[in-house]
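Because the structure is predicted, anything quoted here is derived from the model rather than measured. We use all heavy atoms of the structure for the numbers below, so side chains are in, but hydrogens, waters and symmetry mates are not. Each chain gets a letter, A, B and so on, in the order its sequence line appears, and its residues count up from 1.
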Amino acid sequence: MQYWLVKSEPGAYSWERFKKEGKTVWDGVRNYQARNNLKEMKKGNLVLFYHSNEGMAVQGIAKVSREFFQDPGTDDARWVSVELSYYQELKHPVSLQQMKADSILENIGLIRQSRLSVMPLKVEEFDRIISLGMG
DNA sequence: GCCAACGTTGGC
DNA sequence: GCCAACGTTGGC
């Protein structure tokens, strides 16, 4: 099982909206590294949903419900999307500050490479965020 | 609002 | 192929 983290500015697409809609096409990724990560996602993989810029925190968990396909927002064959479905909400959002202060999470991709919007997580990183968010 | 990090573009 | 200029992201 592979674990992931995706970022969204809540003003552009929020966790609240995702929760209400139940699923969404994750489109608009225009960065090769992020695109490569989208292509690696397998159906059933779990994906943390992080709010950037405002309310900077992991909000909840999504599940990959459809593997990559052409991004419907463009005809350019380089760019792909996946479909994500609502899975579970964290009891307490896990803030960037909390992650920076945590010895397991201090070297997470989110902190090391702050501009990447789709990234893999190690199992122990995923588990640590869940335990902080559900504890 | 500022700025660091970093990806992209285009001239040479 | 190099690199300066420029644009974007995202934390503060």
Side-chain angles (χ1 to χ4, degrees):
Chain A
M1 168 73 103
Q2 179 60 58
Y3 298 95
W4 308 93
L5 182 146
V6 296
K7 300 200 285 201
S8 184
E9 292 186 43
Y13 188 81
S14 69
W15 169 256
E16 288 71 27
R17 188 169 153 202
F18 178 60
K19 193 179 162 184
K20 197 177 299 174
E21 293 177 352
K23 66 177 182 180
T24 193
V25 170
W26 206 261
D27 61 0
V29 171
R30 296 291 181 272
N31 168 283
Y32 289 108
Q33 200 180 345
R35 187 279 312 267
N36 292 344
N37 289 331
L38 285 180
K39 284 187 165 185
E40 293 293 317
M41 287 187 183
K42 298 297 177 208
K43 196 169 176 179
N45 283 179
L46 296 180
V47 183
L48 296 180
F49 190 121
Y50 173 79
H51 274 174
S52 60
N53 281 316
E54 264 176 83
M56 298 175 287
V58 176
Q59 306 292 323
I61 313 168
K63 185 187 258 193
V64 177
S65 50
R66 188 179 162 200
E67 293 177 14
F68 80 91
F69 50 93
Q70 170 68 38
D71 184 326
T74 177
D75 289 332
D76 190 329
R78 290 177 298 174
W79 308 119
V80 301
S81 295
V82 296
E83 184 190 76
L84 298 180
S85 294
Y86 176 83
Y87 182 67
Q88 194 176 14
E89 185 163 59
L90 296 181
K91 271 199 260 178
H92 317 286
V94 178
S95 70
L96 183 64
Q97 273 192 330
Q98 257 180 297
M99 293 187 272
K100 279 188 165 174
D102 188 277
S103 61
I104 297 172
L105 300 173
E106 61 187 357
N107 287 318
I108 204 175
L110 183 69
I111 292 162
R112 276 205 337 275
Q113 206 179 342
S114 70
R115 294 177 69 231
L116 185 61
S117 64
V118 181
M119 70 195 76
L121 289 179
K122 293 178 188 160
V123 186
E124 57 267 31
E125 294 167 343
F126 180 86
D127 287 347
R128 181 63 181 151
I129 292 170
I130 300 308
S131 81
L132 289 172
M134 290 302 184

Can you measure [X] atom [atom1] to [N] atom [atom2] for me and round it to whole angstrom units?
X: A/Ile108; N: C/dG11; atom1: CD1; atom2: C1'; result: 16 Å
X: A/Asn53; N: C/dG11; atom1: CG; atom2: C1'; result: 8 Å
X: A/Leu116; N: B/dG7; atom1: CG; atom2: P; result: 9 Å

Side chain of A/Met56 - closest among C/dC12, C/dT9, B/dT8
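Closest nucleotide to the A/Met56 side chain: C/dC12.
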Proximal nucleotide (of C/dG10, B/dT8, B/dG7) relative to the A/Asn31 side chain
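Looking only at heavy atoms from C-beta outward on A/Asn31, the closest nucleotide is B/dG7.
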Side chains of A/Val64 and A/Leu84, heavy atoms from C-beta outward: is any pair under 4.5 Å?
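Side chain of A/Val64 against side chain of A/Leu84, heavy atoms only: contact under 4.5 Å found.
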Is there a side-chain contact between A/Val29 and A/Val6, using heavy atoms and a 4.5 Å cut-off?
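They are not in contact (no side-chain heavy atoms under 4.5 Å apart), so the answer is no.
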Ignoring backbone atoms, establish whether [X] has a side-chain N or O less than 4.0 Å from OP1 or OP2 of [N].
X: A/Lys100; N: C/dC12; value: yes
X: A/Lys7; N: C/dG10; value: yes
X: A/Tyr50; N: C/dT9; value: no

Quick one: sort the A/Tyr13 and A/Phe49 rings into parallel, tilted or perpendicular, breaks at 30° and 60°.
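Geometry flag for A/Phe49 against A/Tyr13: tilted rings.
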Determine whether the side chains of A/Trp4 and A/Glu40 contain a donor N or O and an acceptor N or O closer than 3.5 Å.
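Not at all, the side chains of A/Trp4 and A/Glu40 share no donor-acceptor pair under 3.5 Å.
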